[in-house]
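Small disclaimer: the values here were computed from a predicted structure and weren't measured.
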Amino acid sequence: GPFHKGIDIVVEAFLKMPNMELHIFGNIELNVKLWQWFNLITHNSKNIVYHGWATPESKKFEEYAQLCDAIVFASSSEGGAGSVIQCLQFGLIPILNEATAIDLRDNEFKIVGNTPEEEIESIIENVIRFNKTDNEKLQNYSNTLKKHFIKTNTLANYSISLKQVIGTI
């Protein structure tokens, strides 16, 4: 669920950075415990906005994907997070941990830590470093990622890959 996807860690980090905006899409209200925690902890927060569920094809999601610069994702064990790949196809720059299992060897923004507290601090450090990075460098990186993930993450490529895996079983 959403706790497993690290939403709690990301929210905690952004609560410590009131000058940074966090836009959340999903259906966290379906998890009663998380929804109660989220409402309690973000009640007075102006920098954390929950939009609810939206598909990547929706106008609302596309609008915010164009407004945002990065995706911060601190999953416990996602294993190739489709939501992250879709955001990369919009050109968002990833701030991820290794559990997402997305191969980004050259990514400068990696969430590390063995405890939630260490991951929160790592998110904060990465967001600050991201905001200090030259805009042209970020734009070039965004364009490179966008082209790569649009080209490689297609239904046709997934089908080929799946057939290859099934063929080895």
Among residues at least two apart in sequence or on other chains, which ones pass side-chain contact (heavy atoms from CB on, under 4.5 Å) with [X]?
X: D69; value: F130
X: Q139; value: S142, N143
X: Q89; value: I85, Q86, F149, I150, N153
X: T115; value: E117, E118

By side-chain hydrogen bond (donor to acceptor under 3.5 Å, both in side chains), S58 pairs with (sequence neighbours left out) none
Other than F90, which residues form its hydrophobic cluster under the rule that side-chain heavy atoms must be closer than 4.5 Å? F25, F61, Y64, L67
Co-members of the apolar cluster containing W53 [side chain, <4.5 Å]: none
Validation: residues 14-21 side-chain donor-acceptor distances under 3.5 Å, sequence neighbours left out:
residue	atom	partner	partner atom	Å
E21	OE1	H23	NE2	2.9

[X]: salt bridge (Lys or Arg N to Asp or Glu O under 4.0 Å) partners, not counting sequence neighbours:
X: E108; result: K137
X: K59; result: none
X: K147; result: none

Salt bridge (charged side-chain N to carboxylate O under 4.0 Å, His left out) pairs touching residues 36-49, sequence neighbours excluded, are none
